[in-house]
Amino acid sequence: MLVDLLCRCSNFWLESEISDSAIEISEAYLQRPLSKFEFAEAVANKHSIEFVTNRRLRNQLIKALSKQEARELVETFLPNVIDDQDLWNFLEAYFTEGSGLVSLAEFLELKEEYVSSLSSYNQTKDVVLSTPSYALYPYQRKILKTVIQAIEANETDRLLIHLPTGAGKTRTAMSIACSHLNQNETGLVVWLADTEELCAQAVNEFNKAWSSLGNRELSIYPYFSDSEKTLVGVKDGIIVAGLQRLNSRVNGKEELAFEKLLQYASLIIFDEAHKAVAKTYKETVNRFMRNGCETFLIGLSATPGRKYDGDEEDRKLSSFFNEQKVTMEIEGYNSPIQYLVDEKYLAEPEYLPIDYDGSNDLEFSAQEIKEELSKLLDNLSRHESRNSAIIKQAITEYENGSSIIIFACNVEHAIALAETLHCLGYPAASLTSSNDSKESRRYKIESFKQRRLKIMINFGILTTGFDAPCTNVAIIARPTLSLVLYSQMAGRAMRGKRSGGNEHCKIYTVLDNIPEFTSLGKAFGHWNSNWNELR
């Protein structure tokens, strides 16, 4: 129904919804102009439930309804009342929220998708009451024991847990949080993270952990994104706080409530702790650690450094955590990555290149990339043969049944690649922080996790806090000199069979004739010299 209505819209409007870049890439790939039907399918795939939730798009469809269709739709709400001349105006005014939108979604054959988006949208709204099987792997149990001993010894007030992406940092930390709250009935755990995905993951994971490990009913307070919870009245349990929202309370109406919160915080856990020395984040953590009561700080990171060659920044990070690190050591293995692969905690990675015509014509030094990265990414995002090679590989993997994440050069590149795939008949979604609403962001992520959507093209979101075990292909289409960023991108596809993922995965890197990383094994131990390891 949706594509049929869109085919009634003007060619000009349909083409205006697809970027010039995507049209050029698609028509170059097909070696012919796109048909109106292909444009309609591309626009339908691009916007999907936004034809229900977005007023501009919704009204465009309403205008395309025939009189009979408009009458049938109106009569589901207000039979035999509206004059035929007012049908379209009524529908535009009526469809604003609530059950009306559900009916519209059903009419457009998008009800399942729309209801799914509502479910995702509501899941972080309320306080969750959890009542008391949450097993740890042997290496996780060893880390748990070491951390508990360090807290009890009272010789340091902080440390960092270092585990590879996919090895269960969150699960291990939640077990520590549960142990702490079981021993301290008036204790308050404060979980800090800087993205909605990390915060949402923490709420869900703690609920799962406490239902197995907890000794009483306990409150989980979501304090991030659009949650309606305030800091008022938070005294015990666990609060999962988004750092941006927490920092926004400064000098505002919640500052007094924050001062009271400091009196109760007994354990602070900072997810993706390599960000902890950023100025505003560091100031927030220091407020907790200077609150006059005994508070312990745990950082979590797969990459305990700031830069590949940033010695000064790396030392600031290790110093912030008193140079105390707890990591996994496996006898007989130089790197725990291979152990995790052998034991199927991580998928066996195959590192593959994507080459393209003209790549050898591009040559950039590391210094040039540092100084002009934005310009470089913009140039690469518009390289025709490079984009064709990315699209070709994505289509090949799609037809193999893979679940694929593509990391684009910039926002415009992510959108252009997604729209190109739409034009070619392959459902895909772009996901960017600047172009997606909270509702569309959650809907797309949930669709990908449920494998209703098999290609996700991302810029700036899915490097952390994104747990979709189905992912078995990562296409790194943006060059980076950041070992942290490369590890995060590659790690999205490496969830192993024993962790609900895959036996094997593929990590594609577009070859741009610049320095590239090719293995996570070497990355894991890169910053060890800055830390003392607790055993």
Side-chain angles (χ1 to χ4, degrees), residues 1-27 29-30 32-74 76 87-88 91-92 94-95 100-118 391 394-395 398-399 404 414-431 435-437 439-440 443-444 446-448 450-457:
M1 186 64 188
L2 177 57
V3 174
D4 180 46
L5 287 174
L6 288 171
C7 283
R8 303 177 197 175
C9 297
S10 69
N11 289 343
F12 176 79
W13 185 83
L14 287 172
E15 292 179 24
S16 71
E17 291 299 305
I18 302 296
S19 67
D20 291 342
S21 177
I23 294 172
E24 289 172 8
I25 297 170
S26 300
E27 294 185 340
Y29 187 90
L30 293 171
R32 63 169 174 78
L34 289 163
S35 68
K36 184 170 187 177
F37 182 79
E38 287 169 328
F39 271 113
E41 278 199 319
V43 173
N45 282 323
K46 175 183 178 181
H47 292 303
S48 186
I49 63 162
E50 290 182 278
F51 282 107
V52 180
T53 60
N54 183 284
R55 183 175 180 178
R56 176 183 70 85
L57 297 171
R58 189 167 61 234
N59 288 348
Q60 182 69 31
L61 285 188
I62 289 171
K63 289 171 186 162
L65 292 171
S66 68
K67 181 183 290 186
Q68 181 180 347
E69 289 166 338
R71 165 58 66 186
E72 289 175 358
L73 197 52
V74 167
T76 62
L87 293 172
W88 295 269
L91 289 172
E92 287 187 8
Y94 185 86
F95 287 127
L101 292 187
V102 174
S103 298
L104 176 62
E106 186 171 15
F107 177 78
L108 295 174
E109 300 172 355
L110 291 171
K111 183 177 179 180
E112 182 180 348
E113 291 87 345
Y114 178 62
V115 171
S116 173
S117 75
L118 292 178
I391 293 294
I395 290 173
Y398 179 93
E399 293 179 342
I404 308 149
I415 294 171
L417 291 176
E419 291 180 351
T420 297
L421 286 162
H422 295 161
C423 292
L424 299 174
Y426 293 91
S430 61
L431 192 63
N435 281 56
D436 277 285
S437 65
E439 296 90 338
S440 67
Y443 165 71
K444 290 175 184 178
E446 190 62 24
S447 295
F448 185 79
Q450 299 299 322
R451 297 204 66 178
R452 296 192 298 268
L453 181 70
K454 292 185 179 179
I455 306 177
M456 182 79 81
I457 304 164

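Predicted, not measured: the structure shown is a model, and the values here were computed from it.
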Mind checking whether [X] and [Y] have side chains closer than 4.5 Å, heavy atoms only?
X     : Y      : result
Leu2  : Glu109 : no
Leu6  : Trp13  : yes
Val3  : Cys7   : yes
Ile23 : Phe39  : yes

Got a second to check how far [X]'s [atom1] is from [Y]'s [atom2], nearest 0.5 Å?
X      : Y      : atom1 : atom2 : value
Ile25  : Leu421 : CD1   : CG    : 9.5 Å
Leu34  : Leu14  : CG    : CG    : 11.0 Å
Glu24  : Ser19  : CD    : OG    : 8.5 Å
Ile455 : Tyr398 : CD1   : OH    : 6.5 Å
Ser21  : Ile415 : OG    : CD1   : 10.5 Å
Leu110 : Ile49  : CG    : CD1   : 8.5 Å

Are the side chain of [X] and the backbone N or O of [Y] linked by a donor-acceptor pair below 3.5 Å?
X      : Y      : value
His422 : Val43  : no
Glu38  : Gly425 : no
Lys36  : Cys9   : yes

State which residues pass salt bridge (charged side-chain N to carboxylate O under 4.0 Å, His left out) with Glu69; sequence neighbours excluded, sorted by chain then number.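 If we apply the salt bridge (charged side-chain N to carboxylate O under 4.0 Å, His left out) test to Glu69, skipping adjacent residues, the hits are Arg8.
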
According to salt bridge (charged side-chain N to carboxylate O under 4.0 Å, His left out), who are the partners of Arg451, at least two apart in sequence or on a separate chain?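 Per chain and number, Arg451 pairs via salt bridge (charged side-chain N to carboxylate O under 4.0 Å, His left out) with no residue.
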
Would you mind listing every salt bridge (charged side-chain N to carboxylate O under 4.0 Å, His left out) that reaches into residues 40-57, with sequence neighbours excluded?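 Qualifying pairs, neighbours excluded: Glu17-Arg56, Lys46-Glu419.
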
Minimum heavy-atom separation for [X] and [Y], please, with both atom names.
X      : Y      : value
Ser26  : Cys423 : OG-CB, 3.3 Å
Ala44  : Phe51  : CA-CE1, 4.1 Å
Glu27  : Pro33  : OE2-CA, 3.3 Å
Ala428 : Ile457 : CB-CD1, 4.5 Å

Apply side-chain contact (heavy atoms from CB on, under 4.5 Å) to the pair Tyr426 and Glu399, showing each step before the final yes or no. CA-CA 10 Å; Tyr426 293 91; Glu399 293 179 342; 2.6 Å; yes

Might you work through the side-chain contact (heavy atoms from CB on, under 4.5 Å) test for Tyr29 and Thr420, ending with a clear yes or no? CA-CA 9 Å; Tyr29 187 90; Thr420 297; 5.9 Å; no

Report the C-alpha separation of Ser48 and Tyr443 in whole Å, then their side-chain angles, then the decisive distance to 0.1 Å, and conclude whether the side-chain contact (heavy atoms from CB on, under 4.5 Å) test is met. CA-CA 10 Å; Ser48 186; Tyr443 165 71; 3.6 Å; yes

